Amino acid sequence: MLAIIGGSGLTRLASLEVSRRQLVKTPYGEPSAALTFGRIGNRPVVFLARHGDEHSLPPHQVNYRANIWALAECSPIGIVSVAAVGSIRSDLAPGDLVIPHQIIDYTWGRHSTYHEGPDSPVRHVDFTEPYDQSLRRKLCDAATAIGLVVSDSAVYAATQGPRLETAAEVNRIERDGADVVGMTGMPEAILARELGVSYAAINVVANYAAGRGDSQAGISLDAIHQVLDGAMAQVRGLIEAMLTSDD
Ligand code: HPA
């Protein structure tokens, strides 16, 4: 079974033949929404809407530990996380898809480990390569197979949100080495790693980051929504292609 976390613009998967929805509880509380089980092209899938079914949870209030725990309990072959990003690079335009390979974490105050508290001794986890290489490769190969252009590497900066960045912050994030900026990639990726679940991301460029491209004077939220509506069909196509690539 493949687990999919849908972000802004992807609260459900049109091609998913839903068989059941299940509300689950975890030792860390409740996930953002019920888990939706079903099939895409005869392959089992479990889907979770990161911000809740009504998109009511801001990035800093998502219960990432409960989300990843609940999906890990399904013993998935991996988690594919879909998330909108702003682009810092001029060659990554709104509507483009990116399979990031690295992360810089600027978030704070989020529960970012399962190994804390009296019953769980500290554990340090290798995170040199934050995404699962084989899952990334499958996504890139599936994109090639259906003629979809994706950028096969990028450094993802995770910011706290829910506000967008200032132009100066984007300049700093670029100097740090990031290509795209989003608000939810951490602690998702490290929590999946702690539980030993393969994790990769599909980032959808929703806009140029603050102060870049056509966002020099500000970022249009209406434009973001329009871009996401259009790009999600491609995301669905990519996931379907990946799932059915070895049929
Ligand atoms: N910054 C952070 N997160 C985002 C952006 C952005 O510009 N666009 C979509 N998610």
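When reading the values below, keep in mind they use all heavy atoms of this one structure, side chains included, and skip hydrogens, waters and symmetry mates. Starting from 1, each residue takes its place in the sequence as its number. As the structure is a prediction and not an experimental result, all values here were calculated from the model.
Heavy atoms from other residues, nucleotides or ligands lying under 6.0 Å from CZ of Arg21 number more than 12. More than 12 heavy atoms of other shown residues, nucleotides or ligands fall within 6.0 angstrom of atom NE2 in His60. Other residues, nucleotides and ligands contribute at most 12 non-hydrogen atoms within 6.0 Å of the CD atom of Gln226. Around the NE2 atom of His115, the shell of radius 6.0 Å holds more than 12 heavy atoms that belong to other residues, nucleotides or ligands.
A donor and an acceptor atom, one from each side chain of Asp126 and Thr128, are located under 3.5 Å apart. Neither side chain, Arg65 nor Thr113, offers a donor N or O lying under 3.5 Å from an acceptor on the other. A donor-acceptor contact closer than 3.5 angstrom is absent between the side chains of Tyr156 and Gln102. There is no side-chain donor-acceptor pair under 3.5 Å between Asn207 and Ser215.
In this structure the side chain of Ile4 never reaches within 4.5 angstrom of the side chain of Leu48, judged on heavy atoms. Side-chain contact between Val197 and Pro76 is present, with at least one heavy-atom pair separated by less than 4.5 Å. Residues Glu169 and Asn171 are not in side-chain contact: their nearest non-hydrogen atoms beyond the backbone lie 4.5 Å or more apart. No side-chain heavy atom of Leu97 sits less than 4.5 Å from a side-chain heavy atom of Asn203. Side-chain contact check for Leu243 versus Leu2: some heavy-atom pair is nearer than 4.5 Å. A heavy-atom distance below 4.5 Å is not found between the side chains of Val45 and Arg39. Taking the side chain as every heavy atom from C-beta outward, His51 and Thr184 approach each other to under 4.5 Å. Within the 4.5 Å cutoff, the side chain of Ile239 has heavy atoms near those of the Val82 side chain.
Pairs passing the ring-ring contact (aromatic ring centres under 6.0 Å, His included) check and including a residue from residues 21-41, sequence neighbours excluded, read Tyr28-Trp69, Tyr28-Tyr114.
Considering Val24, Leu23, Val62, Asn63 in turn, Val24 is the only one that fulfils the side-chain contact (heavy atoms from CB on, under 4.5 Å) rule with Pro31.
Under the 4.5 Å side-chain heavy-atom criterion for grouping Ile, Leu, Val, Met, Phe, Trp and Tyr, Val180 is not connected to Ile104 through any hydrophobic cluster. In the hydrophobic cluster analysis, where Ile, Leu, Val, Met, Phe, Trp and Tyr join through side-chain heavy atoms closer than 4.5 angstrom, Tyr106 is grouped apart from Met183. Put simply, Tyr208 and Ile224 are part of two different groups of oily side chains (I, L, V, M, F, W, Y) that touch within less than 4.5 Å, one to the next. Side-chain heavy atoms closer than 4.5 Å link hydrophobic residues (I, L, V, M, F, W, Y) into clusters, and following such links, even through other members, never connects Val170 to Val227. Cluster annotation: Leu238 and Val80 are assigned to the same hydrophobic cluster (Ile/Leu/Val/Met/Phe/Trp/Tyr, side-chain heavy-atom contacts under 4.5 Å, transitive).
In this structure, OG on Ser151 lies 8.5 Å from CD1 on Ile99, to the nearest 0.5 angstrom. Taken to the nearest 0.5 Å, the CD1 atom of Ile79 stands 11.0 Å off from the CG atom of Asp132. To the nearest 0.5 angstrom, Ser56 atom OG is 9.5 Å from Gln61 atom CD. A distance of 10.0 Å separates OH in Tyr64 from CG in Leu191, rounded to the nearest 0.5 Å. Note that CG of Asp105 is 7.5 Å distant from CZ of Arg110, once rounded to the nearest 0.5 Å. Annotation: the span from Gln160 atom CD to Trp108 atom CH2 amounts to 5.0 Å, rounded to 0.5 Å.
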| message | As a quick check of understanding, evaluate side-chain contact (heavy atoms from CB on, under 4.5 Å) for Ile88 and Asp179, giving each step before the final call. | response | CA-CA 5 Å; Ile88 302 173; Asp179 302 299; 5.7 Å; no
| request: Determine, step by step, whether Asp96 and Val149 satisfy the side-chain contact (heavy atoms from CB on, under 4.5 Å) criterion, reporting the C-alpha distance in whole Å, the side-chain angles of both residues, the deciding distance to 0.1 Å, and the verdict. | output: CA-CA 8 Å; Asp96 287 353; Val149 177; over 6 Å; no
| task | Decide side-chain contact (heavy atoms from CB on, under 4.5 Å) for Thr159 and Ile173; before the verdict, give the C-alpha distance in whole Å, the side-chain angles of both, and the deciding distance to 0.1 Å. | result | CA-CA 10 Å; Thr159 56; Ile173 292 169; 3.9 Å; yes
| message | Test salt bridge (charged side-chain N to carboxylate O under 4.0 Å, His left out) on Arg89 and Glu174; report intermediate values, then the result. | response | CA-CA 9 Å; Arg89 271 176 27 199; Glu174 181 180 43; over 6 Å; no
| query | Given Thr36 and Arg20, is the side chain to side chain donor-acceptor pair (under 3.5 Å) satisfied, shown in steps? | reply | CA-CA 6 Å; Thr36 305; Arg20 72 191 161 95; over 6 Å; no
| field | Test log, rule side-chain contact (heavy atoms from CB on, under 4.5 Å), inputs Ile5 and Ile68 | value | CA-CA 9 Å; Ile5 302 177; Ile68 299 295; 3.9 Å; yes
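Of all the heavy atoms in Gly177 and Val155, the pair that sits closest is O-CB, 3.3 Å. Closest of all the heavy-atom pairs between Ala154 and Val98 is CB-CG1, 3.3 Å. When every heavy atom of Leu35 is checked against every heavy atom of Ala70, the shortest pair comes out as CD1-O, 4.0 Å. Between Ala84 and Ala206 the shortest heavy-atom distance is CB-CB, 4.2 Å. Pairing each heavy atom of Ala209 with each of Ile219, the nearest pair is C-CD1, 4.2 Å. The minimum heavy-atom distance linking Ser153 with His101 is given by the pair CB-ND1, 3.4 Å.
Salt bridge present: Arg50 and Glu188 bring a charged side-chain N and a carboxylate O closer than 4.0 Å.
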